[in-house]
Protein chains: 4
Amino acid sequence: MSQLDDLLRDLVVANRILSHEDVVDAYGHISVRHPDNPKHFFMSRSRAPELVERHDLIEFDREGEPVSDKRQPYIERYIHAAILESRPDVMAVVHAHAEDTLPFGLIGKPLEPVIHSGAFIGGKVPVWDIRKKFGDTNLLVINMAQGRDLAKCLGAGNVALMRGHGFASAARSIIEVVRLSVYLPRNARVQMNAMRMGGKPKPLSKGEIAARLSGYKPHSHETWRAWEYWANRAGCADMIGQPHDHAAKP
Amino acid sequence: MSQLDDLLRDLVVANRILSHEDVVDAYGHISVRHPDNPKHFFMSRSRAPELVERHDLIEFDREGEPVSDKRQPYIERYIHAAILESRPDVMAVVHAHAEDTLPFGLIGKPLEPVIHSGAFIGGKVPVWDIRKKFGDTNLLVINMAQGRDLAKCLGAGNVALMRGHGFASAARSIIEVVRLSVYLPRNARVQMNAMRMGGKPKPLSKGEIAARLSGYKPHSHETWRAWEYWANRAGCADMIGQPHDHAAKP
Amino acid sequence: MSQLDDLLRDLVVANRILSHEDVVDAYGHISVRHPDNPKHFFMSRSRAPELVERHDLIEFDREGEPVSDKRQPYIERYIHAAILESRPDVMAVVHAHAEDTLPFGLIGKPLEPVIHSGAFIGGKVPVWDIRKKFGDTNLLVINMAQGRDLAKCLGAGNVALMRGHGFASAARSIIEVVRLSVYLPRNARVQMNAMRMGGKPKPLSKGEIAARLSGYKPHSHETWRAWEYWANRAGCADMIGQPHDHAAKP
Amino acid sequence: MSQLDDLLRDLVVANRILSHEDVVDAYGHISVRHPDNPKHFFMSRSRAPELVERHDLIEFDREGEPVSDKRQPYIERYIHAAILESRPDVMAVVHAHAEDTLPFGLIGKPLEPVIHSGAFIGGKVPVWDIRKKFGDTNLLVINMAQGRDLAKCLGAGNVALMRGHGFASAARSIIEVVRLSVYLPRNARVQMNAMRMGGKPKPLSKGEIAARLSGYKPHSHETWRAWEYWANRAGCADMIGQPHDHAAKP
């Protein structure tokens with residue numbers, strides 16, 4: 001298969017995994033940058049991620065509009081367009097409403113990495129409040145101006161919370177952004193549980209976070225192990241191909 | 001199919017969804033107003049929602065009594081009759097005991113919309129205490145007088161909590177009342193989790209709630225996406241028909 | 001089928017339901033009094049309740065010993081023998097370790113009915129601490145003396161918590177003790193969640209509890225509805241028979 | 001089957017159980033000491049425990065290196081090598097990240113046995129912080145020096161928490177270490193829930209813990225009951241053999 005074929009296959013698998021792991025439900029989405037045309041990206045048409053098939057994928061342009069496709073896109077595609085625009089290092093973006101990340105968007109206490117699998121969060125997570133700049137809205141990101149404001153809040157980071165709504169995460173590959181998005185709610189639960197016992201949970205140190213981020217290889221054996229496991233749980237182990245289909249690619 | 005056929009099919013699907021999403025268990029029910037005789041409504045006979053089939057549906061009159069049907073009805077059918085009587089704008093009603101809504105009925109702290117999917121709650125949720133007017137009862141709503149007192153507490157709103165018992169929710173369509181009822185416990189969990197971290201969770205503003213409510217279309221692509229997703233999870237995706245079966249109807 | 005056949009069939013179904021509803025895991029058990037010899041009772045041999053079949057059931061005598069059966073019984077059968085001895089009104093007993101009931105056995109704050117489905121708890125639940133009378137043990141009830149001490153703590157009530165261990169519940173029929181045991185952890189969770197928001201949860205009043213208990217019929221349509229639902233979830237809906245098999249019996 | 005065959009079969013079953021019971025996900029592992037060569041041990045190659053088959057098992061030497069096997073081992077195999085080295089009484093080791101154990105590694109409040117099924121924890125659980133001796137790392141145990149430092153923290157105990165990472169548990173048999181590892185997160189949840197109600201949970205006494213530990217037989221009927229139950233839930237009941245395959249062995 002070509003690299004594009006591999007990516008689109010992985011994008012379908014990622015949709016199923018994010019749904020099975022309760023990161024998304026009927027809502028939430030994942031995109032991947034076009035490998036040959038880095039200003040474009042791919043994402044499903046407006047469909048629950050659990051049900052996404054290869055033929056549901058649409059190519060989008062840099063402004064978040066479908067390229068030669070009349071099917072209904074996700075309303076909030078501008079989150080993806082704006083983050084991919086501002087972050088040339090990012091290859092894949094997730095937007096989701098995972099329940100246990102939401103409390104941290106509502107109070108003044110930051111979500112931060114407290115467990116090693118949460119290191120990919122990167123540090124204290126900024127909270128973007130659409131109301132600050134755009135006043136009373138329906139909270140959805142419905143144009144590039146809003147998407148760019150969110151991307152600015154994300155900055156060079158890996159995750160931004162969206163007050164009363166969810167989060168946006170960004171990484172160098174589909175596998176990485178899935179891993180980050182799956183462990184983000186777990187880190188949130190552990191942090192909440194520690195806080196509730198009346199202690200002040202000890203976060204990972206900057207050095208520890210740096211050690212984990214620098215040591216992480218998106219196509220290592222350890223990463224593949226999780227990909228195979230999640231795909232199996234999501235019922236699509238037959239779709240994932242072999243490690244070397246992924247390992248040879250950036 | 002006729003509009004009535006569509007509605008009854010949707011009512012069966014709604015029963016299954018509410019059960020699969022843990023809004024109801026063996027108890028709890030959903031009704032829909034008769035499209036041709038707005039003083040009547042349909043609801044299952046006394047059966048666990050997960051098991052409801054088309055032939056279990058019964059037509060009820062304005063006083064909550066079965067029309068020409070000798071099968072055992074739900075005891076609390078008066079909740080539905082009274083709300084449909086007092087609210088001509090409402091087409092569908094849910095009564096359920098979803099566990100995570102219950103704590104807010106026991107203490108003096110109101111449940112309110114803190115996440116965008118909870119906007120349909122509408123605002124701070126009133127708590128109806130049957131004891132106030134009816135003294136010591138078995139907490140069930142067993143006649144129209146009690147139903148009307150609950151409907152009065154609901155007023156022009158979308159949800160009322162029932163102390164020590166559950167909630168009643170009301171909306172303009174089956175899809176809307178299901179969506180509201182599924183996201184109500186989620187909003188409750190997020191609010192509880194935020195409160196427990198010692199912060200004061202920031203609720204949605206009145207303007208945000210209004211923006212979401214006014215922008216919501218019961219037969220939009222986004223709504224259908226959730227309906228298809230929930231039905232698939234509940235094992236009845238084959239029953240939902242096509243979007244145009246629903247979109248053409250009010 | 002004879003009444004005994006019906007009871008033993010129901011006992012198998014009850015084992016499966018209690019397991020599926022997370023009241024028991026590999027441990028925990030349910031017994032029923034012998035309908036023709038009220039000093040004896042039936043319970044499974046030592047086996048995880050999920051796996052119990054009709055041929056696993058053993059008849060026990062009033063001292064908790066198997067009658068003409070050499071298979072390994074549950075160690076804690078004395079809980080059942082002692083409660084059935086002290087309470088002629090009780091037909092069925094459950095002992096389980098349901099996780100969310102356990103915190104209330106560890107601190108000085110009583111579990112009590114706060115939701116209508118928890119009314120069958122009856123009132124503030126006493127906590128039995130085996131250490132008080134028997135010193136350092138392995139916490140298991142391994143003889144009639146310990147069982148009788150627990151039965152004394154239960155008194156005329158429906159449930160007693162066992163510190164660091166679990167609970168024992170008692171009712172007039174299998175269906176009732178299952179219902180009580182399924183809703184007990186739910187009531188516990190709702191009460192804990194309300195307490196954690198910093199409020200003082202409003203319990204059911206004595207009058208409300210009395211109204212619910214007096215109005216409850218073990219073979220009513222409403223009870224059957226739950227039985228059918230739970231059995232269906234537990235994968236043994238084919239075993240439950242028809243309502244009239246149960247309704248005609250005490 | 002030989003004792004080695006039995007052990008390797010049990011090791012596969014243990015992998016599946018730990019995964020199904022949410023003790024491990026794609027990460028985490030279990031090892032067993034070689035019955036004929038006590039300086040060696042067996043563990044899967046780098047694979048999610050849920051997917052482990054007999055042919056995935058690798059023999060490791062006392063330094064944690066694979067014996068004549070070129071397949072990718074788990075990075076953290078040194079946890080197992082070091083604990084088996086320091087503890088001749090230990091036959092099986094688990095390392096996992098079970099979510100509900102993690103909060104206790106982040107604050108200064110010890111996890112300790114509060115329920116009878118948690119007695120096997122043994123007492124207040126020490127917390128090993130890799131940073132103390134090794135500074136900023138990626139938190140993984142990647143060599144024998146780190147493994148030995150962890151083993152020292154474990155001492156003669158049954159469990160050590162690893163700050164921001166997980167736990168290591170050790171026992172005299174596969175069945176025991178699985179049981180300990182399954183009930184550890186449950187004990188943690190019960191303790192957290194009791195603490196959050198504002199009380200001080202009453203731990204098991206030293207005498208109670210001793211009574212439980214001394215009375216525990218790894219091949220008793222009660223232990224087999226749980227093994228059969230867990231294997232059945234994990235979908236590998238057909239693999240467990242008969243009790244006498246296990247009971248005859250140390």
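Throughout, a chain's letter reflects where its sequence line sits, starting with A, and its residues are numbered from 1. What you see is a predicted model; the values in this text were computed from it and never measured. When reading the values below, keep in mind they use all heavy atoms of this one structure, side chains included, and skip hydrogens, waters and symmetry mates.
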### Query
Under 3.5 Å, is there a donor-acceptor pair linking the side chains of D/Asn193 and A/Arg196?
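Looking only at side-chain atoms, A/Arg196 and D/Asn193 do not form any donor-acceptor pair under 3.5 Å.
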
### Task
Identify which one of A/Arg233, A/Arg179, A/Arg186 satisfies the salt bridge (Lys or Arg N to Asp or Glu O under 4.0 Å) criterion when paired with D/Asp25.
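Among A/Arg233, A/Arg179, A/Arg186, the one that satisfies the salt bridge (Lys or Arg N to Asp or Glu O under 4.0 Å) with D/Asp25 is A/Arg186.
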
### Query
So D/His97 and A/His116, would you call those rings parallel, tilted or perpendicular, with 30° and 60° as cut-offs?
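Geometry flag for A/His116 against D/His97: perpendicular rings.
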
### Proximal to chain A - members of residues 100-108 of chain D, heavy-atom separation under 4.5 Å
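Counting heavy atoms that sit under 4.5 Å from chain A, the residues of residues 100-108 of chain D involved are D/Asp100, D/Leu102, D/Pro103, D/Phe104, D/Leu106, D/Ile107.
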
### Message
Quick one: does any side-chain atom of A/Tyr229 pair with a main-chain N or O of D/Pro49 as donor and acceptor, under 3.5 Å?
### Response
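Not confirmed, A/Tyr229 side chain does not pair with D/Pro49 backbone.
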
### Message
For the backbone of D/Ala48 and the side chain of A/Arg225, can you confirm whether one donor and one acceptor N or O come within less than 3.5 Å of each other?
### Response
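No, A/Arg225 side chain to D/Ala48 backbone: no donor-acceptor pair under 3.5 Å.
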
### Heavy-atom contact with chain A under 4.5 Å, split by part of D/Glu99
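Both parts, heavy atoms under 4.5 Å.
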
Side chain, backbone, both or neither: which part of [X] has a non-hydrogen atom closer than 4.5 Å to chain D?
{"X": "A/Ser220", "answer": "neither"}
{"X": "A/Pro203", "answer": "backbone"}
{"X": "A/Gln191", "answer": "neither"}
{"X": "A/Ala226", "answer": "both"}

### Message
If you count heavy-atom pairs within less than 4.5 Å of chain A, which of D/His165, D/Lys109, D/Arg131 leads?
### Response
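Heavy-atom pair counts peak at D/Arg131.
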
### Task
Find the distance between CE (D/Met162) and CD1 (A/Ile115) and round it off to the nearest 0.5 Å.
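Nearest 0.5 Å value for the CE-CD1 distance: 13.5 Å.
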
### Message
Nearest 0.5 angstrom please: A/Trp224 CH2 to D/Gln72 CD, how far?
### Response
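Result: 14.5 Å between the selected atoms.
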
### Pick from A/Gly198, A/Ser117, A/Ala194 with the largest number of heavy-atom pairs that fall under 4.5 Å of chain D
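When all of A/Gly198, A/Ser117, A/Ala194 are compared, A/Ala194 has the most.
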
### Message
If I compare all heavy atoms of D/Asn138 with all of A/Arg212, which pair ends up nearest, and what's the gap?
### Response
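Nearest pair, atom of D/Asn138 first, then A/Arg212: O-NH1, 2.6 Å.
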
### Query
Are the charged groups of D/Asp136 and A/Lys206 less than 4.0 angstrom apart, N to O?
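Salt bridge between D/Asp136 and A/Lys206, a charged N being under 4.0 Å from a carboxylate O: no.
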
